[in-house]
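Data block below; observations after.
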Protein chains: 2
Amino acid sequence: MADVTIACCAPIAREPLSESAAAEMATLLKAVADPVRLRLLSMIGSHAGGETCVCDLTDAFNLTAPTISHHLKVLRTAGLIDSERRGTWVYYWIVPAVVAKLGALFTPLAEPASAGPVDVGLVTV
Amino acid sequence: MADVTIACCAPIAREPLSESAAAEMATLLKAVADPVRLRLLSMIGSHAGGETCVCDLTDAFNLTAPTISHHLKVLRTAGLIDSERRGTWVYYWIVPAVVAKLGALFTPLAEPASAGPVDVGLVTV
DNA sequence: CGGCTGATTAGAGATTCGTCTAATCAAGCT
DNA sequence: AGCTTGATTAGACGAATCTCTAATCAGCCG
């Protein structure tokens with residue numbers, strides 16, 4: 001049972017975000033607020049095996065390798081993904097806990113009253 | 001403390017976003033990827049009655065009125081909020097359907113099999 | 001070793017963004 | 001009408017962002 005207890009703050013519609021919470025979430029959101037990075041994140045996240053080689057990513061865009069590298073760094077700095085070099089290639093994977101923070105910020109809005117113990121609590125990080 | 005069991009993936013991790021879907025979501029995310037706008041959105045969204053007067057918003061920040069107005073416009077242009085003038089004051093409220101799009105992007109795909117059809121996939125383009 | 005492929009870092013150029021001041025629009029006074 | 005208060009628009013300016021080319025780092029193999 002995926003009990004999502006992460007999240008740094010209450011969902012957006014429950015109570016006003018504190019200044020610091022807003023700043024923290026904004027940096028996370030900024031990392032994702034780019035078409036290329038969004039696609040990168042979804043490619044990495046949806047890749048079978050949970051890992052993706054950079055070499056597979058660069059080919060999917062009409063951008064130079066350094067540019068892709070830059071976007072990956074932004075995502076990694078934000079904590080949304082992590083990476084490791086294995087021999088010649090570098091592999092990236094998603095960090096679900098951090099991605100879940102983003103979802104927790106917005107979801108309770110639309111969800112039909114979470115029927116279960118899916119407590120998206122206000123546990124701080 | 002926060003045992004992060006989160007399923008394997010968020011919707012973003014279900015399949016790679018198309019280029020157009022990524023672009024659409026990115027514009028939405030960009031609108032929210034700012035501390036001030038995040039706080040504005042949460043203030044409006046959590047306000048009792050569902051509406052908030054601009055006059056209540058400007059006082060909460062150390063920014064000039066035009067700046068707040070600018071941020072509200074960004075949110076409104078993105079479709080996340082809507083507004084109406086009633087007499088002297090202008091009132092803003094949240095548009096839940098659009099905010100939900102953001103949540104749907106990152107929220108874990110609900111519990112394993114038990115719950116079943118928690119359709120989160122309204123990310124149609 | 002020397003060279004080759006994959007990936008990142010460094011730095012530059014153009015665009016976008018956040019904030020401000022000044023000016024304008026809207027509604028309600030006196 | 002003319003003044004006052006609330007809100008937005010217009011324009012300017014510095015900071016941040018995205019992309020590129022050139023250079024550098026890390027493994028592999030002839």
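All chains are named by letter (A, B, ...) in the order of the sequence lines, taking the proteins before the strands, and each is independently numbered beginning at 1.
- Two end axes, each from the C1' atoms of five base pairs, can be drawn for the helix from dC1(C)-dG30(D) to dT30(C)-dA1(D); they diverge by 0°, to 10 degrees.
- Along DNA chain D, the nucleotide nearest to G87(A) and the one nearest to N62(A) differ in position, and the one closer to the 5' end is contacted by N62(A).
- To the nearest 0.5 Å, atom CZ of residue R39(B) and atom CG of residue D34(B) are 11.0 Å apart.
- Comparing dT8(C), dT19(D), dA7(D) by their closest approach to the side chain of H70(A) singles out dT19(D).
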Could you walk me through whether L102(B) and L80(B) pass the side chain to side chain contact (heavy atoms under 4.5 Å, CB included) test, one step at a time? CA-CA 10 Å; L102(B) 291 173; L80(B) 288 158; 4.1 Å; yes
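- When distances run from any side-chain atom of H71(A) to the nucleotides dT19(D), dA26(D), dT8(D), the shortest one goes to dT19(D).
- Cluster membership for Y91(B) and I81(B), using ILVMFWY side-chain heavy atoms within less than 4.5 angstrom, is not shared.
- V99(B) and V74(B) are assigned to two separate hydrophobic clusters, defined by single-linkage of ILVMFWY side chains at heavy-atom distances under 4.5 Å.
- Other residues, nucleotides and ligands place more than 12 heavy atoms under 6.0 Å from the CD atom of E51(B).
- Contact annotation: K73(A) side-chain N/O to dT9(C) OP1/OP2 distance is under 4.0 Å.
- If you measure from atom CG of L40(B) to atom P of dT8(D), you get 11 Å, rounded to the nearest angstrom.
- Rounded to whole Å, the distance from CG on L57(A) to C1' on dA7(C) is 12 Å.
- Heavy atoms from other residues, nucleotides or ligands lying under 6.0 Å from CG of D59(B) number more than 12.
- As judged by a 4.0 angstrom heavy-atom cut-off over every strand, L63(A) is placed among residues touching the sugar-phosphate backbone only.
- Among the atoms of the strands shown, only primed sugar atoms or phosphate atoms (P, OP1, OP2) are found under 4.0 Å from some heavy atom of R37(B).
- In this structure, L72(B) atom CG and dT9(D) atom C1' are separated by 14 Å, rounded to whole Å.
- Whole-Å rounding puts the F61(B) CZ to dG18(C) C1' distance at 14 Å.
- Residue contacts for R86(A): at a heavy-atom cut-off of 4.0 Å it reaches no nucleic acid atom on any strand shown.
- Looking at which nucleotide of DNA chain C each of I68(A) and K30(A) is closest to, the 5′-most match is held by I68(A).
- Nucleotide dA7(C) holds its C1' atom 13 Å from the CG atom of D59(A), rounded to whole Å.
- W93(B) and L40(B) fall into different hydrophobic clusters, where Ile, Leu, Val, Met, Phe, Trp and Tyr side chains are chained together by heavy-atom contacts under 4.5 Å.
- Side chain of Y92(A), nearest nucleotide from dT8(C), dT8(D), dT19(C): dT8(C).
- Atom CG of D34(A) is separated from atom P of dC18(D) by 5 Å (rounded to the nearest Å).
- Nucleic acid contact for S69(B): base, since at least one base atom lies under 4.0 Å from a heavy atom of the residue.
- Residue L17(B) holds its CG atom at 8.0 Å from CD of E15(B), rounded to the nearest 0.5 Å.
- Between I44(A) and I94(A) the shortest heavy-atom distance is CG2-N, 3.8 Å.
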Between N or O atoms, less than 3.5 Å apart, protein on one side and nucleotides 21-23 of chain D on the other: list the pairs.
none

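- As a whole-Å value, the separation of E84(B) CD from dT8(D) C1' is 17 Å.
- A distance of 5.0 Å separates CZ of F106(A) from CG of L29(A), quoted to the nearest 0.5 Å.
- Residue R85(B) places none of its side-chain N or O atoms closer than 4.0 Å to OP1 or OP2 of dC25(C).
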